[in-house]
Amino acid sequence: MKSYVIYVSTVTILLVAIMLSLAIGDVSVSIFHIPSLLIYPSNTVESSALWDVRIPHIVMAFVIGACLSLAGLVMQTVMQNQLADPYLLGISSGANLGALLAIVSGLAVVGSIISVGCAAFVGAIIVSLCIMAFARLLKRMDAMTLLLLGFGINAFVSGIVSLVITLVADTSKTKSIQFWLLGNLQPLSNSMMLIIVIVLVISSAFFFFQSRILDLMLMGQNLSLTMGRSLVNFQRLYIIVVSIVVGVTVYASGIIGFVGLVVPQCARILVGEKHSKLIPLSIVLGGTFLVWADVIGRNLIPGMSLPIGVAAAACGAPIFCWMLFHQTGGR
């Protein structure tokens, strides 16, 4: 299938999701009435529903989905493993632990969501630095070593998270923890939203211009060395950049799984392994996926909005099973 057909199809699916997201909800808005409400905002309930709730949700969902998909794609390439994503290396778990400690220690009360988000960002960076430090001590930076270190650190950090949740007796803090762990798309301030968009644009451009190096990584460390390129420093750099993207994402939306795992694999099925094609498509597909997950999560059960992490898992699991079936040829 030609690339432009894939992009046109993806954008069409995205536009359908956006229209459904704008039209469906506790306050129904006619699809034919939406253009006038977008061009001429008013004080009506429909206009408020669009501008105050649904449009911020759509923007947040697309940007967060794009960030997670990009991070997952790069991690799968660095690890040379299509099951790799930021969760595998413990980067997301580190962000999770940072946010959790901020809530338990009371920083969430002092600094609201900003303190929790900053703690999540710091947690992601610390875990990535630990991975780099352990790999340096072992004097090995191959994909398998990083993968095993990631498994170990992820298990260790997840154990600490479970212990902290068990020890917390405060009901209000437990609810805040659950709210954070299940993901959310609460609208942020314009300045914070701008920062996240800037991180997405810069990281996307950076990895796009690194496409040739990412293609080399798929060949393996030994083959790359025979071509005169050592990829160790690039691996370190990419993991740090992914940690920044993941930290900012967790800061904005909490923990959302499956996007970084499923979407890059879908993109590979559609356009192959060349990163100059993979990166743009993964970004668009990731945003589209999370917009659809948000639409389904907000409207699946009348009068109740599912956390975006739950909705993403519910949408991603069937797609993941389909991809396994597709790759094994139905055997």
Side-chain angles (χ1 to χ4, degrees), residues 1-3 6-7 66-92 124-125 127-151 153-154 199-246 259-286 323 326-327:
M1 189 183 298
K2 297 197 177 214
S3 297
I6 294 171
Y7 279 106
C67 285
L68 290 173
S69 180
L70 176 65
L73 172 65
V74 175
M75 290 311 303
Q76 289 174 10
T77 300
V78 171
M79 297 294 102
Q80 298 171 30
N81 189 323
Q82 292 190 11
L83 293 178
D85 71 350
Y87 290 88
L88 184 67
L89 276 184
I91 295 172
S92 294
I125 297 298
V127 167
S128 66
L129 292 176
C130 286
I131 293 172
M132 295 294 100
F134 282 126
R136 194 176 185 86
L137 285 174
L138 294 172
K139 297 182 179 178
R140 296 180 62 184
M141 274 295 293
D142 57 282
M144 183 56 67
T145 299
L146 293 174
L147 202 60
L148 293 174
L149 284 171
F151 271 123
I153 291 175
N154 185 40
V199 169
L200 172 61
V201 171
I202 292 177
S203 59
S204 300
F206 170 76
F207 285 121
F208 181 79
F209 288 112
Q210 295 287 311
S211 293
R212 292 181 63 187
I213 303 298
L214 290 167
D215 291 341
L216 281 176
M217 284 186 177
L218 291 177
M219 300 178 184
Q221 185 73 23
N222 293 333
L223 182 57
S224 298
L225 284 172
T226 63
M227 299 175 69
R229 300 301 296 264
S230 176
L231 303 180
V232 172
N233 291 332
F234 289 105
Q235 286 178 321
R236 293 172 180 165
L237 176 60
Y238 295 167
I239 290 175
I240 294 297
V241 175
V242 166
S243 301
I244 294 172
V245 174
V246 172
V259 183
L261 174 65
V262 171
V263 175
Q265 294 192 47
C266 289
R268 283 191 167 92
I269 291 173
L270 292 171
V271 297
E273 298 287 350
K274 197 170 181 180
H275 283 82
S276 59
K277 294 181 179 179
L278 266 177
I279 290 172
L281 183 61
S282 293
I283 290 169
V284 178
L285 277 178
M323 285 190 305
H326 177 273
Q327 290 177 349

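The residues of the chain are indexed from 1 along the displayed sequence. Quick note: numbers below take in every heavy atom, side chains included, and nothing from hydrogens, waters or symmetry partners.
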Set of residues satisfying side chain to side chain contact (heavy atoms under 4.5 Å, CB included) with respect to S211, sequence neighbours excluded: F208, H275, S276, I279
Side chain Q235, main chain M79, donor-acceptor under 3.5 Å: no
L73 side, atom CG; I283 side, atom CD1 - distance, nearest 0.5 Å: 8.5 Å
Heavy-atom pair with the smallest gap, counting every atom of P264 and G72: CG-C, 3.9 Å
Distance, nearest 0.5 Å, that separates CG of L129 from CD1 of I240: 5.0 Å
Distance, nearest 0.5 Å, that separates CD1 of I131 from CG of L148: 11.5 Å
Gap separating the CD atom of Q76 from the CG atom of L218, nearest 0.5 angstrom: 10.0 Å
Listed once per pair and sorted, the salt bridge (charged side-chain N to carboxylate O under 4.0 Å, His left out) pairs that draw on residues 259-271, sequence neighbours left out: R268-E273
S69 side chain vs A66 backbone, donor-acceptor pair below 3.5 Å: no
Over all atoms of both residues, closest heavy-atom pair of L214 and F207: CD1-O, 3.7 Å
Interatomic spacing from CG in L149 to CG in L137 - rounded to 0.5 Å: 10.0 Å
Under the side chain to side chain contact (heavy atoms under 4.5 Å, CB included) test, residues paired with V271 that sit two or more places apart: I6, K277, L278, L281
Where V263 and S282 come nearest, the two heavy atoms and their spacing: CG1-O, 3.7 Å
Worked verdict on M217 versus Y238 for side chain to side chain contact (heavy atoms under 4.5 Å, CB included): CA-CA 11 Å; M217 284 186 177; Y238 295 167; 3.4 Å; yes
Heavy-atom side-chain contact between D215 and T77 under 4.5 Å: no
Exercise: identify the closest heavy-atom pair between S203 and L70: OG-CD2, 3.5 Å
Heavy-atom neighbours of F206 CZ exceed 12 at 6.0 Å: yes
